[in-house]
**Q** 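What follows is a single structure, and I will ask about it in a moment.
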Amino acid sequence: MAAALIIASARHRGRRYRFETGSISIGRCAGNDLVLNDAGVSRVHARLHRQGGQWMLSDCGSANGTALNGTVLDAARPLHSGDRIRVGPIVFRFDPGSASHPEARRFSAAACAAALLLLGAAYEAFARPGLPASRPQAQAGWTVGPASGDDGRAQTGAAPAGAVAQVGPRAGDVEGARVAYQRARRKLDERRIAPRNLFDAWTALIDARAALDGATRESAFAAEVAQSIRLCEQDLARECSRLLFAAARLERYGDKEQALEALREALLRFPGEDPSSCRRKAQERIAAMEESP
């Protein structure tokens with residue numbers, strides 16, 4: 001029985017990804033049915049599967065968790081039409097009755113494996129309204145899988161049968177790497193404007209490094225990207241330490257609400273996981289404080 005996942009947030013709202021199998025795996029690695037190339041998504045993040053006549057949603061031990069209608073999963077939960085599913089920074093709407101769109105193009109799960117064009121545009125699960133999107137719209141260096149809108153009309157080209165597409169820079173695409181690198185530089189220049197820009201710059205640099213994979217003639221550019229990543233990660237680690245130290249100090253002096261506010265600020269500045277694991281540390285501390293009397 002077919003099911004569909006529809007982008008429910010920000011840019012590209014309404015794009016539909018249709019699956020014809022009884023199980024849909026979601027994650028960052030290419031073996032998934034739905035590939036989300038984003039730092040906030042684990043290699044194998046979540047899974048939808050049919051159990052009897054009911055679709056179920058499970059988290060697969062992801063670093064950032066999977067949320068159903070705003071509640072982070074602690075066990076498999078049943079899905080209903082219209083449910084909101086958050087995987088990392090991306091929000092989908094679940095539609096088990098996609099057969100009601102007779103004009104929609106039908107694709108196998110593998111052919112529909114590409115999820116989103118430019119995942120940073122869907123950060124509404126973590127970011128304050130009004131923050132700038134972290135990634136541009138379609139341009140050289142980004143691949144997009146098949147999708148159709150809520151009106152049933154196909155909005156992108158179909159992937160070849162059996163192909164696993166994904167969103168993100170293609171290996172060896174030097175132009176895509178340069179686009180991602182320039183985006184990172186702009187974010188770094190504007191890091192004082194929006195607190196999350198440092199993290200967004202880092203994710204853009206990771207995209208640039210991925211695009212340069214295999215481009216042996218670009219060794220100087222690759223070295224520049226690698227150095228920028230190292231510096232960015234050092235800044236992220238310092239920012240994380242500052243926020244967590246401030247929260248710990250406030251908690252030590254008995255100001256629990258201000259300490260929680262500092263930790264929530266860390267979640268805004270770190271909408272996905274980075275090498276410092278700041279988001280996970282802040283989430284764990286928030287959970288511990290909220291459970292304490």
**Q** For the side chain of Arg50 and the backbone of Gly22, is there at least one donor-acceptor N/O pair under 3.5 Å apart?
**A** no
**Q** Can a donor-acceptor pair be found between the side chains of Asp59 and Ser62 at a distance below 3.5 Å?
**A** yes
**Q** Verify the distance criterion only: is there a donor paired with an acceptor across the side chains of Arg280 and Gln283 at less than 3.5 Å?
**A**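 No, Gln283 and Arg280 have no side-chain donor paired with an acceptor closer than 3.5 Å.
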**Q** Test of understanding: with side-chain contact (heavy atoms from CB on, under 4.5 Å), list the residues that count as partners of Arg47, not counting sequence neighbours.
**A**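 Scan of Arg47 (side-chain contact (heavy atoms from CB on, under 4.5 Å), adjacent residues dropped) gives Ser23, His49, Cys60.
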**Q** Any side-chain to backbone donor/acceptor pair from Asp33 onto Ser25? Under 3.5 Å, distance only.
**A**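 The answer is yes, because a donor-acceptor pair under 3.5 Å joins these two groups.
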**Q** Decide, yes or no, whether a salt bridge links Arg230 with Glu233 under the criterion of side-chain N to carboxylate O below 4.0 Å.
**A** no
**Q** Has Ser58 got a side-chain atom pairing as donor or acceptor with Ala76's backbone, closer than 3.5 angstrom?
**A**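 Flag not set: sc Ser58 to bb Ala76 has no pair under 3.5 Å.
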**Q** So, are Asp274 and Arg279 salt-bridged, with charged N and O less than 4.0 Å apart?
**A**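 No, Asp274 and Arg279 are not salt-bridged.
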**Q** Are Leu267 and Ile286 side-chain neighbours, meaning at least one heavy-atom pair lies under 4.5 Å?
**A**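 Leu267 reaches Ile286 side chain to side chain.
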**Q** Ignoring hydrogens and geometry, is there a side-chain-to-backbone donor-acceptor pair from Glu190 to Asn197 under 3.5 Å?
**A** no
**Q** Answer yes or no: is there an ion pair linking Arg249 with Glu251, defined by an N-O contact shorter than 4.0 Å?
**A**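 No.
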**Q** Donor-acceptor pair, Lys281 side chain versus Ser276 backbone, under 3.5 Å?
**A** yes
**Q** State which residues pass ring-ring contact (aromatic ring centres under 6.0 Å, His included) with Phe221; sequence neighbours excluded, sorted by chain then number.
**A** Tyr181
**Q** Closer than 4.0 angstrom, basic N to acidic O: yes or no for Asp189 and Arg186?
**A** no
**Q** Does Ile229 reach the side chain of Val225, with side-chain heavy atoms less than 4.5 Å apart?
**A**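 Yes - at least one pair of side-chain heavy atoms lies under 4.5 Å apart.
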**Q** Does a side-chain N-to-carboxylate-O contact under 4.0 Å join Arg77 and Asp83?
**A**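 Asp83 and Arg77: not salt-bridged.
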**Q** Heavy atoms only: give me the nearest Asn32-Arg43 pair and the separation to one decimal.
**A** ND2-O, 2.9 Å
**Q** Would a 4.5 Å heavy-atom cut-off, applied to side chains only, mark Val35 and Arg28 as touching?
**A** no
**Q** Can you name the closest pair of heavy atoms from Gly65 and His45 and give their distance?
**A**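 For Gly65 versus His45, the nearest heavy atoms are O-NE2, 3.0 Å.
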**Q** Of Arg269, Arg196, Arg191, which is the lone residue that meets salt bridge (charged side-chain N to carboxylate O under 4.0 Å, His left out) with Glu239?
**A** Arg269
**Q** Under 4.0 Å between a side-chain nitrogen and a carboxylate oxygen: does that hold for Arg183 and Asp207?
**A**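 Salt bridge between Arg183 and Asp207, a charged N being under 4.0 Å from a carboxylate O: yes.
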